[in-house]
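Below: the structure, in structure tokens.
Just so it is clear, the model here is predicted, and its values are computed rather than measured. Keep in mind that the numbers below use all heavy atoms, side chains included, and drop hydrogens, waters and symmetry copies.
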Amino acid sequence: MFRTVIVGGGYAGVLAANRLAASGRGDSLGVTLINARPDFVERIRLHELVAGSRRRATLPFSRVLHPGVRLVVASAVRIDTDSRRVMLDMGGPVEYDALIYAVGSDGPREPGVLSVAGLDGAAAARRAVAGLGHGRRVQVLGGGLTAIETSAEIAERRPDLRVTVRTTGTLAAGVSDGGRSLLRSRLGGLGIEVVEGTANVAPDDPQDALALACAGFSVPGLAADSGLPTDPDGRLLVGADLGVHGHDGLYGAGDAARIDPAAGMVSRMSCAGAMPMGGHAADAILARMDGGTVGDLSSGFLAQCISLGRRDALIQFVGRDDTPTRWFVGGSVGALAKETVNRQTIRWLRGEARRSGSYAWPKGPVRGPLGHPAEAMQ
């Protein structure tokens, strides 16, 4: 039996596991998913959890995972590439013939600040927000999509609180001028103050403010601790085919993997970026079993979907290279589209459990002779 192990049960890991398990290989392929939690975390719902709009942001793995996947609830502490074994914090090692590294990411770890990027931080933030009295301040640190969604959700749910977004740069730097103008207007309509040029908590009365970190990220140290190649942030370095140079049968996918910048490929830390990586890594393993290859990953983007509470959202259309176009949709139509995307993401995962290869993604921009993005494919 060809033993495939996926470390990490997020969007990339679950899609890869389902794609492999549903491939019809029968007893010739064994698929094991190692994850520290017994449940799947819907990270794209965490801002709803923080604000109290949603009771939970997890699903039992039985609802998203192929029944043929062996689930091991444990934390991987080291990958021994010589013996091809994954060492766990509890129980014996898990042996593999091919491995997909998909451990995901979390928010920054700063004293006195709660990060909402992971389930634990989001749950703690939910309790903290729920405990705030009338007129208390919430400082949302960051100017990206997570900060915007979190601030809007809190302000809509708790209009009695004073919500401020603070960013070192420009609010929503990745959207068009028109889209940014709409965001500023909608945030202002919710009573949210936006302060650009600083991410510090307002110094007037630190005891009066709850600080929520929505910028930056951290990744587990598993790759570095295992002697694997990493970038300065600790993300596993992979080639354009998602393989790890010098480590046959090892692939990376999702937030904790970084495609070599020299490949000139488009990448965004998101479920829209993670799921194609998980699918491609699975395809690479299936091709490997057949003695072939699948080549380099080609994936691009269609839109950025930004929730602005339960009744509003911004859908910013982008080129395949993630560059914003001048086209966007807001209001109730945007909210409907955003919610549809959120629900469809789970349907895509479940669909792979029923039929391997059912999930498809947009191709990336054409790359020039040096690997850098050229004009997007028409």
Side-chain angles (χ1 to χ4, degrees), residues 6-16 33-51 54 56-59 61 73-79 86 88-89 100-129 139-151 153-154 167-168 199 210-226 228 230-238 252-258 267-275 277-278 345:
I6 299 99
V7 183
Y11 293 101
V14 169
L15 192 130
L33 179 71
I34 300 172
N35 194 66
R37 298 181 183 279
D39 297 310
F40 174 78
V41 178
E42 287 191 85
R43 289 191 60 172
I44 56 178
R45 299 282 196 182
L46 289 181
H47 62 284
E48 300 174 40
L49 179 71
V50 170
R54 175 171 290 268
R56 61 179 62 88
T58 59
L59 292 170
F61 270 118
V73 180
S75 294
V77 296
R78 187 168 62 87
I79 299 170
V86 181
L88 307 177
D89 64 345
I100 299 176
Y101 184 91
V103 297
S105 66
D106 205 334
R109 299 178 179 90
E110 301 177 18
V113 178
L114 295 175
S115 170
V116 304
L119 181 61
D120 291 339
R126 174 193 178 94
R127 293 190 294 270
V129 169
Q139 301 276 11
V140 180
L141 310 183
L145 276 59
T146 301
I148 293 168
E149 292 188 328
T150 301
S151 62
E153 201 76 31
I154 293 173
T167 174
T168 56
L210 169 66
L212 302 179
C214 296
F217 69 95
S218 63
V219 297
L222 177 61
D225 293 343
S226 302
L228 297 172
T230 60
D231 72 359
D233 294 316
R235 298 166 70 190
L236 178 69
L237 284 175
V238 300
D255 288 357
R258 184 185 183 190
S267 180
R268 187 207 305 167
M269 294 176 70
S270 62
C271 68
M275 291 171 64
M277 293 177 75
T345 300

### Query
Counting distance only, does the side-chain N/O of Arg235 pair as donor-acceptor with the main-chain N or O of Ala257 below 3.5 Å?
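Side chain of Arg235 to backbone of Ala257, a donor-acceptor pair under 3.5 Å: yes, one is there.
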
Rounded at 0.5 Å granularity, tell me how far [atom1] in [X] sits from [atom2] in [Y].
X: Ile44; Y: Leu145; atom1: CD1; atom2: CG; answer: 12.0 Å
X: Met275; Y: Thr345; atom1: CE; atom2: OG1; answer: 5.5 Å
X: Asp231; Y: Leu237; atom1: CG; atom2: CG; answer: 5.5 Å
X: Leu141; Y: Thr146; atom1: CG; atom2: OG1; answer: 12.5 Å
X: Arg78; Y: Leu228; atom1: CZ; atom2: CG; answer: 10.5 Å
X: Arg43; Y: Asp106; atom1: CZ; atom2: CG; answer: 6.5 Å

### Working for side-chain contact (heavy atoms from CB on, under 4.5 Å), residues Phe217 and Asp233
CA-CA 9 Å; Phe217 69 95; Asp233 294 316; 3.7 Å; yes

Please identify each residue that fulfils side chain to side chain contact (heavy atoms under 4.5 Å, CB included) with [X], with sequence neighbours left out.
X: Ala213; answer: Pro108, Val113, Ser115
X: Ala125; answer: Val50, Leu114, Val116, Leu212
X: Thr230; answer: Ala223, Ala224

### Query
Taking only residues at least two apart or on different chains, which pairs with a member in residues 114-125 satisfy salt bridge (Lys or Arg N to Asp or Glu O under 4.0 Å)?
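As it turns out, the salt bridge (Lys or Arg N to Asp or Glu O under 4.0 Å) pairs with a partner in residues 114-125, which skip direct neighbours, are Arg37-Asp120.
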
### Message
Evaluate Phe61 against Leu33 for side-chain contact (heavy atoms from CB on, under 4.5 Å), listing each step before the verdict.
### Response
CA-CA 10 Å; Phe61 270 118; Leu33 179 71; 4.1 Å; yes

Quick check: closest heavy atoms across [X] and [Y], and the distance to 0.1 Å?
X: Val140; Y: Ser151; result: CG2-CB, 4.0 Å
X: Asp225; Y: Val77; result: CB-O, 4.5 Å
X: Ala16; Y: Gly278; result: CB-O, 3.4 Å
X: Ala122; Y: Leu46; result: CB-CD2, 4.0 Å
X: Leu49; Y: Arg56; result: CD1-CA, 3.9 Å
X: Gly104; Y: Val219; result: O-CG1, 3.9 Å

### Message
So, using side-chain hydrogen bond (donor to acceptor under 3.5 Å, both in side chains) as the criterion, who are the partners of Asp255 when residues are at least two apart?
### Response
Ser105

### Message
Applying salt bridge (Lys or Arg N to Asp or Glu O under 4.0 Å), can you list everything that pairs with Glu48, at least two apart in sequence or on another chain?
### Response
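Arg45, Arg54, Arg310.
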
### From CA spacing to verdict: side-chain contact (heavy atoms from CB on, under 4.5 Å), Leu222, Ile79
CA-CA 8 Å; Leu222 177 61; Ile79 299 170; 4.0 Å; yes

